[in-house]
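Accompanying notes for the structure given below.
All chains are named by letter (A, B, ...) in the order of the sequence lines, taking the proteins before the strands, and each is independently numbered beginning at 1.
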Amino acid sequence: MIDLKALQNDFDSIASKLQKKNVDSELLSALKEQALALKTQKAVLEKLQAEQNAKSKLFPQYQKEGKDIASLKAELAENKQAIAIEQDKARELEAALSDIALNVPNIPDSDVPAGLDEDDNIEIKKVLDIPTFSFTPKEHWDFEELDFIDFERGVKLSKSRFCVLKNDAARIERALINYMLDFNRARGFAEVSVPYIVNRDSLMATGQLPKFEDDLFKIEGEELFLIPTAEVPLTNLYRDEILKEEELPIMMTSFTACFRKEAGSAGRDTRGMIRQHQFGKVELVSITKPQDSDKIFQEMVACASDLLASLGLAHRQVLLCGGDLGFGAAKTIDLEVWLPGQNRYREISSVSNTRDFQARRALIRYKDGKKNVLVNTLNGSSLAVGRCLIAIIENYQKEDGTIAVPEVLKPYLS
RNA sequence: CGGGAGAUGGCAGAGCGGUUGAAUGCACUGGUCUUGAAAACCAGCGAGGGUCAUACCUCCGGGAGUUCGAAUCUCCCUCUCCCGGCCA
């Protein structure tokens with residue numbers, strides 16, 4: 001959630017920043033007006049409440065002194081009605097306010113480029129040269145003879161966009177997970193294992209709800225959902241907590257399966273395992289003081305990028321433009337790995353700084369002296385395991401149709 | 001899934017329906033003392049809103065109700081713990 005106080009004081013600057021994310025300034029005016037209306041209404045209500053409280057306290061005294069309490073009683077009964085009416089008004093305003101506020105995306109950082117979609121993203125760095133092949137490299141689904149990925153049976157078990165990994169593909173996946181977790185741990189991220197099912201409050205806090213319920217798998221009959229990313233449980237670990245300054249920064253890494261309905265992606269990447277309803281991902285999440293989050297952000301990008309490089313995978317770093325930025329992100333850098341079969345770069349990791357957007361929703365704060373200050377939360381894929389496997393298959397393929405293995409994974413495959 | 005107990009401040013743990021945002025202990029912070037530390041003693045110490053700052057309002061799991069007044073009474077929900085069953 002954006003800072004409503006700041007919105008009232010700094011309307012123009014926030015509105016212009018949010019234009020980069022294509023947020024209608026009328027919506028923001030409405031939000032500002034709602035906030036003001038609520039404040040006004042609360043003043044009315046609180047005045048009545050103060051009166052009620054003060055006069056109620058007179059009763060014991062009156063009784064002791066043997067004064068008449070009947071008229072006081074009647075007066076307060078009347079005031080009580082008035083309070084109920086104003087209370088209802090305040091609640092309505094509150095509901096209307098949070099209806100808007102929870103659906104307004106985060107404010108982009110000032111160095112986020114303007115732009116509509118991914119075509120306007122800015123490449124900021126290339127790492128490793130694109131490999132050359134003496135033959136035409138195949139796409140990752142063209143290795144039937146290796147009995148690696150079974151798409152048909154995945155569909156039989158579940159539905160489309162599920163698949164089964166077998167033999168060396170399954171082993172490499174497991175090796176990758178272990179390798180990534182070890183790599184991240186060496187960079188200072190504490191390993192955590194979390195639930196794959198979370199409640200509504202958790203998804204509200206990280207921003208998947210209320211707006212994106214259609215993208216989530218919900219457990220029937222329960223107010224519980226399959227996680228779309230480990231970012232949700234990891235960040236929510238500290239929901240409603242006030243941290244000590246010396247606990248920060250908190251840096252965590254976790255492997256989980258992730259579940260996404262991908263409701264809006266019909267027709268995209270229907271072939272292969274680029275876009276699945278279930279995929280493995282090793283995630284990084286950090287919780288920092290506001291003044292440290294830029295530094296940690298860079299560390300997280302470097303961690304993911306170095307990890308890819310250590311696997312010998314050519315990739316580039318891309319700074320997302322406003323239009324391509326996610327709902328909760330103030331700034332995002334994507335890592336795109338080179339896929340020789342597709343002859344293009346594809347997203348394999350995404351690191352975002354949400355500033356205090358999630359912290360405000362999740363009420364994660366730390367004690368700065370006497371004051372409680374909202375933390376900054378950051379998240380990033382270390383790497384999407386499935387896509388990483390694809391990248392290895394395509395980049396390490398040999399002319400005879402077999403696959404080599406990245407040097408660093410060998411210890412994990414013995 | 002069946003039976004029982006409970007939900008209060010960072011933790012532990014009190015709280016006749018009335019000036020209790022809440023005793024007490026621990027933890028924490030500041031001070032005295034000490035060469036330093038410990039101990040002891042003194043003081044402070046929940047959160048949100050609101051205000052220049054006060055006032056003031058809200059919050060004792062969540063919601064509804066009784067009452068002039070509820071942490072305290074009633075109802076519903078949720079969650080936690082213990083016992084039994086089932087189970088990786």
Side-chain angles (χ1 to χ4, degrees), chain A residues 1-9 31-98 101-102 193-205 209-210 218-225 233 236-248 250 256-257 287 356-375:
Chain A
M1 201 163 80
I2 65 167
D3 183 353
L4 294 180
K5 215 182 252 177
L7 182 71
Q8 315 211 31
N9 299 332
L31 182 59
K32 184 185 169 187
E33 274 169 40
Q34 280 293 334
L36 189 67
L38 177 63
K39 193 171 153 183
T40 311
Q41 179 59 28
K42 270 190 157 173
V44 172
L45 171 65
E46 285 178 8
K47 198 176 166 203
L48 290 173
Q49 284 174 325
E51 191 183 329
Q52 188 82 349
N53 289 341
K55 290 191 175 167
S56 288
K57 284 178 184 167
L58 294 175
F59 273 81
Q61 195 182 320
Y62 273 39
Q63 280 166 331
K64 218 181 283 174
E65 294 167 7
K67 284 191 189 165
D68 173 47
I69 47 176
S71 67
L72 185 59
K73 213 171 186 174
E75 190 187 333
L76 286 181
E78 204 175 306
N79 196 35
K80 193 184 167 187
Q81 302 292 318
I83 287 176
I85 291 167
E86 301 305 326
Q87 183 88 262
D88 285 349
K89 284 193 208 161
R91 284 205 183 131
E92 270 172 45
L93 287 170
E94 212 152 26
L97 178 68
S98 66
L102 289 173
S193 176
V194 291
Y196 290 10
I197 297 176
V198 296
N199 59 30
R200 200 170 269 281
D201 286 346
S202 296
L203 288 154
M204 221 29 118
L209 291 178
K218 188 174 180 200
I219 311 286
E220 193 178 345
E222 311 253 6
E223 285 302 296
L224 295 170
F225 301 80
N236 274 281
L237 243 24
Y238 297 97
R239 171 155 52 85
D240 292 321
E241 293 193 20
I242 298 173
L243 303 163
K244 289 180 187 145
E245 187 172 3
E246 59 268 26
E247 291 180 83
L248 302 175
I250 294 169
T256 69
I287 296 178
D356 61 9
F357 184 83
Q358 292 179 327
R360 184 171 294 106
R361 289 174 163 239
L363 268 181
I364 306 172
R365 293 157 294 173
Y366 78 100
K367 275 260 183 247
D368 185 3
K370 282 274 182 191
K371 278 188 308 191
N372 297 322
V373 178
L374 291 169
V375 299

**Message:** I'd like to know if the side chain of A:N53 pairs up with that of A:S56 as donor and acceptor (distance under 3.5 Å, no hydrogens or angles considered).
**Reply:** no
**Asked** Quick one: are A:Q87 and A:Q49 in side-chain contact, heavy atoms under 4.5 Å?
**Response** yes
**Strand partner of B:U24, provided both Watson-Crick or wobble distances fall under 3.5 Å** = B:A12
**Item:** B:C41 and B:C57, which share atom name C1', separated by this distance in whole Å
**Value:** 38 Å
**Complete:** From CG of A:N53 across to P of B:A55 the rounded distance in Å is 15 Å
**Watson-Crick or G-U counterpart of B:G6, or none if no pair lies under 3.5 Å** = B:C79
**Donor-acceptor under 3.5 Å (A:N236 side chain, A:S202 main chain)** = yes
**Request:** Would you give the length of the straight line joining atom CG of A:L203 to atom CG of A:L224, rounded to the nearest 0.5 angstrom?
**Result:** 9.5 Å
**Prompt:** What interatomic distance, in whole Å, is found between P of B:A37 and the corresponding atom of B:G25?
**Reply:** 25 Å
**Message:** Using whole Å, what does the distance between atom P of nucleotide B:C57 and atom NZ of A:K47 come to?
**Reply:** 13 Å
**Asked** What does B:G36 pair with, Watson-Crick or G-U, if both distances are under 3.5 Å?
**Response** none
**Request:** Searching all strands shown, indicate the nucleotide that pairs with B:A88 (Watson-Crick or G-U wobble; both distances under 3.5 Å).
**Result:** none
**Prompt:** Would A:E86 and A:K89 pass as an ion pair if we require N to O under 4.0 Å?
**Reply:** yes
**Request:** Determine the Euclidean distance between corresponding P atoms of B:G9 and B:C77; express it in Å to zero decimal places.
**Result:** 24 Å
**Request:** For B:A14 and B:A23, measure between their C1' atoms and round to the nearest Å.
**Result:** 6 Å
**Request:** Round to a whole Å and report the spacing from CD of A:E223 to P of B:C77.
**Result:** 16 Å
**Message:** List the residues meeting salt bridge (Lys or Arg N to Asp or Glu O under 4.0 Å) with A:E51, not counting sequence neighbours, and say none if there are none.
**Reply:** A:K55
Distances for protein N/O vs nucleotides 48-54 of chain B N/O pairs under 3.5 angstrom?
unit_1: B:G48; atom_1: OP1; unit_2: A:R365; atom_2: NH1; d: 2.7
unit_1: B:G49; atom_1: N2; unit_2: A:E46; atom_2: OE1; d: 3.4
unit_1: B:G50; atom_1: OP2; unit_2: A:K5; atom_2: NZ; d: 3.2
unit_1: B:U51; atom_1: OP1; unit_2: A:K39; atom_2: NZ; d: 3.0

**Item:** B:U51 - base-pair partner by Watson-Crick or wobble geometry, distances under 3.5 Å
**Value:** none
**Fill in**
From CD of A:E94 across to P of B:C57 the rounded distance in Å is 17 Å
**Message:** Under 4.0 Å, counting only non-hydrogen atoms across every strand here, what does A:K244 touch: a base, just sugar-phosphate, or nothing?
**Reply:** nothing
**Message:** For A:Y238, give me all partners under ring pair (Phe, Tyr, Trp, His ring centres under 6.0 Å), at least two apart in sequence or on another chain.
**Reply:** none
**Request:** At under 4.0 Å between heavy atoms, which parts of nucleotides 59-76 of chain B does protein reach? Answer with one letter per nucleotide, 5' to 3': B base, S sugar-phosphate only, - none.
**Result:** -----S--BBS-------
**Request:** Grab the CD-C1' distance between A:E86 and B:C56 for me, whole Å please.
**Result:** 17 Å
**Request:** Mind checking salt bridge (Lys or Arg N to Asp or Glu O under 4.0 Å) for A:E220 and listing every partner two or more places apart, or none if nothing turns up?
**Result:** none
**Message:** With heavy-atom distances below 4.5 Å as the criterion, would you say the side chains of A:L102 and A:R361 are in contact?
**Reply:** yes
**Gap in Å between the two P atoms, one belonging to B:C75 and one to B:A7, rounded** = 16 Å
**Prompt:** Over how many whole Å does the gap from A:E246 atom CD to B:C28 atom P extend?
**Reply:** 11 Å
**Message:** For the backbone of A:E223 and the side chain of A:R200, can you confirm whether one donor and one acceptor N or O come within less than 3.5 Å of each other?
**Reply:** no
**Asked** Mind checking the P distance from B:G65 to B:C56? Whole angstroms is fine.
**Response** 27 Å
**Complete:** Separation of B:U58 atom C1' from A:L38 atom CG, nearest Å, is 13 Å
**Candidates B:C57, B:G18, B:A47 - which lies nearest the side chain of A:K367** = B:A47
**B:G21 versus B:A55 - spacing of their P atoms, nearest Å** = 14 Å
**Request:** Considering only atom C1', compute the distance from B:C79 to B:G61 and round it to an integer number of Å.
**Result:** 7 Å
**Message:** Expressed as a whole number of angstroms, how long is the span from A:L224:CG to B:U78:P?
**Reply:** 12 Å
**Request:** Go ahead and name the base partner of B:C68; Watson-Crick or wobble counts if both distances stay under 3.5 Å, otherwise write none.
**Result:** B:G18
**Asked** Sequence neighbours excluded, which residues qualify as salt bridge (Lys or Arg N to Asp or Glu O under 4.0 Å) partners of A:E245?
**Response** A:K289
